[in-house]
Amino acid sequence: MQFCNMFPIYRKYNNNQSFFKITDLNHFEEIMLIGKFYTINQYEIKDFATRNFLNDLINLAGAGIVSSSENEYNQQMQYCVNNLKLL
């Protein structure tokens with residue numbers, strides 16, 4: 001498998017509270033909704049636990065992780081910017 005052709009990958013939790021954009025095998029971004037607020041977290045893989053979490057995201061292996069799309073991710077980002085407060 002050629003990994004360079006598979007990125008970005010989009011995932012979310014099935015409760016629509018976190019949306020993920022995986023940019024490569026070492027980096028991903030998360031939009032997290034918390035009530036009337038949101039955060040945008042940037043992750044760089046630096047430990048085993050985060051590597052395992054990224055693998056679960058990619059392989060849809062974790063509880064509640066489902067596939068998403070670039071369009072859905074961008075819509076969620078726009079919704080957050082327009083309607084919620086950044087923490």
Checklist entry - Mind checking whether Tyr10 and Asn74 have side chains closer than 4.5 Å, heavy atoms only? => result no
With [X] via side-chain hydrogen bond (donor to acceptor under 3.5 Å, both in side chains) - residues at least two apart:
X	result
Ser69	none
Lys12	Asn16, Glu72
Asn41	Thr39

Next on the checklist: Tell me every residue that passes side-chain contact (heavy atoms from CB on, under 4.5 Å) with Asn15, counting only those two or more places apart in sequence or in another chain.
Outcome noted: Tyr13, Gln17
Item to check | Verdict with supporting geometry, Leu25 and Phe7, side-chain contact (heavy atoms from CB on, under 4.5 Å) | outcome: CA-CA 9 Å; Leu25 289 174; Phe7 297 105; 3.7 Å; yes
Next on the checklist: Grouping I, L, V, M, F, W and Y whenever their side-chain heavy atoms are under 4.5 Å apart, do Ile22 and Phe19 come out in a common cluster?
Outcome noted: no
Next on the checklist: Is there a path of hydrophobic side-chain contacts, each under 4.5 Å between heavy atoms, that joins Ile34 and Met77?
Outcome noted: no
Donor-acceptor contacts, no H, no angles, side chain residues 80-87, under 3.5 Å, sequence neighbours left out:
unit_1 : atom_1 : unit_2 : atom_2 : d
Asn82  : OD1    : Gln78  : NE2    : 3.4
Asn82  : ND2    : Gln78  : O      : 3.3
Asn83  : ND2    : Tyr79  : O      : 3.1

If a pair satisfies salt bridge (charged side-chain N to carboxylate O under 4.0 Å, His left out) and one of its residues is in [range], list it, with sequence neighbours excluded.
range	result
residues 74-84	none
residues 42-63	none
residues 73-84	none

Checklist entry - Between Ile65 and Leu57, does a side-chain contact (heavy atoms from CB on, under 4.5 Å) hold up when you go through it step by step? => result CA-CA 7 Å; Ile65 297 171; Leu57 285 174; 3.8 Å; yes
Item to check | Ile9 vs Phe20, side-chain contact (heavy atoms from CB on, under 4.5 Å): CA-CA, chis, key distance, verdict | outcome: CA-CA 8 Å; Ile9 297 172; Phe20 302 93; over 6 Å; no
Next on the checklist: Run the side-chain contact (heavy atoms from CB on, under 4.5 Å) test on Leu33 and Gln76 for me, step by step, so that the C-alpha distance in whole Å, both residues' side-chain angles and the decisive distance to 0.1 Å come before the verdict.
Outcome noted: CA-CA 10 Å; Leu33 285 76; Gln76 191 61 45; 3.3 Å; yes
Item to check | side chain to side chain donor-acceptor pair (under 3.5 Å): pairs with one or both residues in residues 27-36, sequence neighbours excluded | outcome: Ser18-Glu30, Asp24-His27, Glu29-Gln42, Glu29-Tyr73, Glu30-Tyr43
